Structure formats: structure tokens, C-alpha cells
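First up is the structure itself, then whatever we jot down about it.
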Protein chains: 2
Amino acid sequence: MAGRRAQMVEETRGKLVQAARKAFASKGYAAASMDDLTAEAGLTRGALYHNFGDKKGLLKAVIDQIDAEILDHLRGVQARAATEWEGLLAENIAFIELALDPEIQRIMLLDGPAVLGDPSQWPNQNACLRRATVTIQTLIDNGTIHPMDPEAAARLLNGAALNAALWIAAADDPPATMPKAVEAFQHLAKGLLRAPA
Amino acid sequence: MAGRRAQMVEETRGKLVQAARKAFASKGYAAASMDDLTAEAGLTRGALYHNFGDKKGLLKAVIDQIDAEILDHLRGVQARAATEWEGLLAENIAFIELALDPEIQRIMLLDGPAVLGDPSQWPNQNACLRRATVTIQTLIDNGTIHPMDPEAAARLLNGAALNAALWIAAADDPPATMPKAVEAFQHLAKGLLRAPA
DNA sequence: AATGATCACATACGCGACGTATGTCAACAA
DNA sequence: TTGTTGACATACGTCGCGTATGTGATCATT
């Protein structure tokens, strides 16, 4: 009982979200036209407003999709790590690499916060940060790292990784900048979590 | 020879920038209307386009002004510190406090990067980051802190402070969150800069 | 299977906002 | 004093969002 109706709807939403990802990434949220968006998807603004309410709603849907992909990727990275501690480090470095993708950078890191507010309020970003928070809490209980507020630590780590990515992307020579940023980030992460009180 | 003409111009630009600060801070860049802006300043859009070219130009002028104020403030903080090392710490913590100001947060941290691109490309933000970079380099030469890329370290520190502020502002109970964030940031800063290789 | 209701989407409209082109009046130069 | 420059106002065109309305396909019910 999939319902022919629901299947068509899902397809429509998918086409709209995909077209929006492309437009938002290339032109930016503000400069992206809804008419152009929907036309490229073979639809009109009617479908868009019916399914997503308004332009912000569409951006929200796009962000949810990208965030889910990021979450999947990061889970895989941590799963391949030898220890939880190394997994935490690997996750954040992977996050830096992901943030170099223009699509992720533009939509998730620049327009997203400006339009929808702080990422900690987004449901999935919360999930991402919560993963780090839980991991840090576990490592604190393990005695692996220094006791501290896990939520604050997760947020700071994430913020540092995020800005490292923005710095790399804005640099004159990104490939040359990357290793310096990663090295500095590793110092930062180890220092933050292992430093004595 | 101040020139009566130039004086009037300066006054006009000042009124426009001030009105823009207020509007951008309260409504956000996208939702702020140029007509309303200029009307509140007792002018029209003609003055605006003549002096600043377009809406982005006005935002740039606003950002330059705020950034200069921040720079002044941070200079004062570092001057009052006992050592350069403590000055660096104090500067970043002061930056966290400043970033809690809704005006600074909205304009400098959310809309600014989304509209004008990465802050490292802004002339004055460069100056701010360069200050931190130079300080870190000095401390490395001193042997006070661990050798590393000073630019990367400055950017990571700044990013962590920035996101700490965003986290605090988005928290349920900002006053209660503040000390936790500051404490975590101190751990981070000390750990980053003092940790052995 | 037929019919009425629902719903997904298209079409049409109004409104607001940006940017530009043109006009006007005061300030400077000669 | 007069011609010129330039700072700002006014008027216009255009575009893009959001809403209200229309339409045809799908689902439920008998």
C-alpha cells in the first residue's frame, strides 16, 4: 500500500530539494530565484509552496538532507577508527574536509546560520553535536580525557573545525593550507581534552 | 580648509551608517528595507546609492565601523593585561563577551559572512586576526608556547571563541552557560598553545 | 464501476524592494 | 557673477516572494 499519490509527492519533493541544493550552492540562498529553481525541476512555485510553505522551509529541507549525509559519513569514519578517542579526532578532521565542499560551505555554514539561526537549534545538527557530546562524556568517564563540560567542549571543537575549513577555503593556496590547519587542529583537540585543570 | 561640502557628506554618511546598524541588527540584513533605513535617517535612497553604491556597500561600511570599535576595545584589554600571554587569553574572552551583543552577533557573525564572504578577507578583520597572529608568533619566539603555525592557531582560537559566543547566545540560559563556555575555552587555549608536540 | 471529495500542483495577482536614470539645487572655481 | 561640479531627491522599471484561486488527477465509498 505505498499509495501512488504519496510516491508522486515524494518524487516531487526530491526534485525540488535537488534543484534547490544546486541553486543555493551556486548562487547563494538570497540570489536563488524560486521561479528558476522550480522551472529547472520541471515544476512551478505552486509545488514549492504547497510542499515547503516558503523559501525558508525549502532551505530547511535542503539542510536536513545534507546534514543526514554528513551524519552518515561521520558515523562511518568513527566506525573505522581504532578507539573512540581516535574516532573523535578523525570525525572532526573529516568534518574539516567536508566543509571544503562549496555546497556544504555555502549552504550549511554561511547561509544556513544567517537565515535559520544558530545550528545548535537545528534538529539534525543537534544530533551531530550530540554525537560528539556523548563521545566526549564517554571518554571522560573512561578517564581518557580531562573532566569538563562535554557540551561546551563539543561545541568548541566543532567551531574550531568549522573555522579551520573556512580559513582553508579562503586561503590563497588551499591545498597548501590544509595540512597546517589539520595539524593545528590536532594540537587544539589534544590540548583541549588532555590538558590538566 | 575643511570644506563645508565634505563636512555635510561626512554627516550624511554617519547618519546612514547609524540607521543601518540599527536596522540590520534588529531586522537582519535581508529584511531591512532601504526605504525605511534612509527615512529614519531623514534622507532617501538617493543618498544611500550615491555614497555606498549598493546595499552590500552599506553593510561593508557598517562592518568597518563596528570592527574598528572592536579592535579598539581589544587593544585596551590587551594593554591592561600583565603579560602578552594573559593578554591573548583576555582578548579572546573579551571577544566572546562582545559577540554576545545582538548587534555584533547578527551583523558581524551571521549576515556579514553570508553576504560578504569569509571575514578573513575583510580589511579590518584581517587586522584583528593579524594582531593575534603576531602575538602568537611573539610568544613562540619567547618560548612561552609551543611552536606552530601562528596564523592557523589564531584562526582556530578566534573560531572557537566565536562559536562559544554563538552557543551561549542560543542556549536556554545564557548567563548560566557563559562560565562553562569560558572555562572550556580557557582549557582549549591553554591546551592548544602549551601542549607538547 | 461510478461519483463525490480531497489533494497536489498550476495559474494569476498584488505588493514590496532593489537598482537606475533623470532632475534639482547648493557649493565651489574662475 | 556665472558656469560647473557634485550631493541628494524623485520617478521609473523590473524582479521576486507570497497568496488566492483554479483544475485535473487520485482516493474513498457504494
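Numbers restart at 1 for each chain; the letters A, B, ... are given by sequence-line order, proteins then strands. Owing to the predicted nature of the structure, the values given are computational and were not obtained by experimental measurement.
Residue L37(A) contributes atom CG, which lies 15 Å from atom C1' of dC15(D) at whole-angstrom precision. In this structure, L58(A) places its CG atom 14 Å from C1' of dG18(D), rounding to the nearest Å. Note: OH (Y49(B)) to C1' (dG19(C)) measures 5 Å, nearest angstrom. What separates CG of L59(B) from C1' of dC18(C) is a distance of 15 Å, to the nearest Å. Across the protein-nucleic acid pair, Q7(A) atom CD and dC27(D) atom P stand 10 Å apart, rounded to whole Å. Whole-Å rounding puts the K55(B) NZ to dA17(C) C1' distance at 8 Å.
Between L37(B) and L58(B), some side-chain heavy-atom pair lies under the 4.5 Å cut-off. Side-chain contact check for H187(B) versus M148(A): some heavy-atom pair is nearer than 4.5 Å.
Side chains of D101(A) and Q105(A): no donor on one and acceptor on the other come within 3.5 Å.
A heavy atom lying under 4.0 Å from DNA chain C marks the following residues of residues 18-35 of chain B, by number: A32(B), S33(B), M34(B).
Hydrophobic clustering (side-chain heavy atoms under 4.5 Å, transitive across Ile, Leu, Val, Met, Phe, Trp, Tyr) groups V182(B) together with I168(B). One hydrophobic cluster, built from ILVMFWY side chains closer than 4.5 Å, holds both M108(B) and F52(B). Using a 4.5 Å cut-off between side-chain heavy atoms of Ile, Leu, Val, Met, Phe, Trp and Tyr, with links allowed through other members, L157(B) and L166(A) fall into different hydrophobic clusters.
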Restricting to nitrogen or oxygen on both sides, can you table the protein-nucleotides 7-10 of chain D pairs closer than 3.5 Å?
from   : atom 1 : to     : atom 2 : distance (Å)
dA7(D) : OP2    : H50(B) : NE2    : 2.7
dC8(D) : OP1    : T12(B) : OG1    : 2.5
dC8(D) : OP2    : N51(B) : ND2    : 3.0
dA9(D) : OP2    : T44(B) : N      : 3.1
dA9(D) : OP2    : T44(B) : OG1    : 2.6
dA9(D) : OP2    : A47(B) : N      : 3.4
dA9(D) : O5'    : T44(B) : OG1    : 3.3

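Between R75(B) and E91(B) there is no salt bridge, since none of the side-chain N atoms of the basic residue sits less than 4.0 Å from a carboxylate O of the acidic one.
Sorted by first then second residue, the ring-ring contact (aromatic ring centres under 6.0 Å, His included) pairs that include residues 82-125 of chain B, not counting sequence neighbours, number zero.
Heavy-atom nearest nucleotides on DNA chain D were determined for G53(A) and for D36(A), and the one closer to the 5' end corresponds to D36(A).
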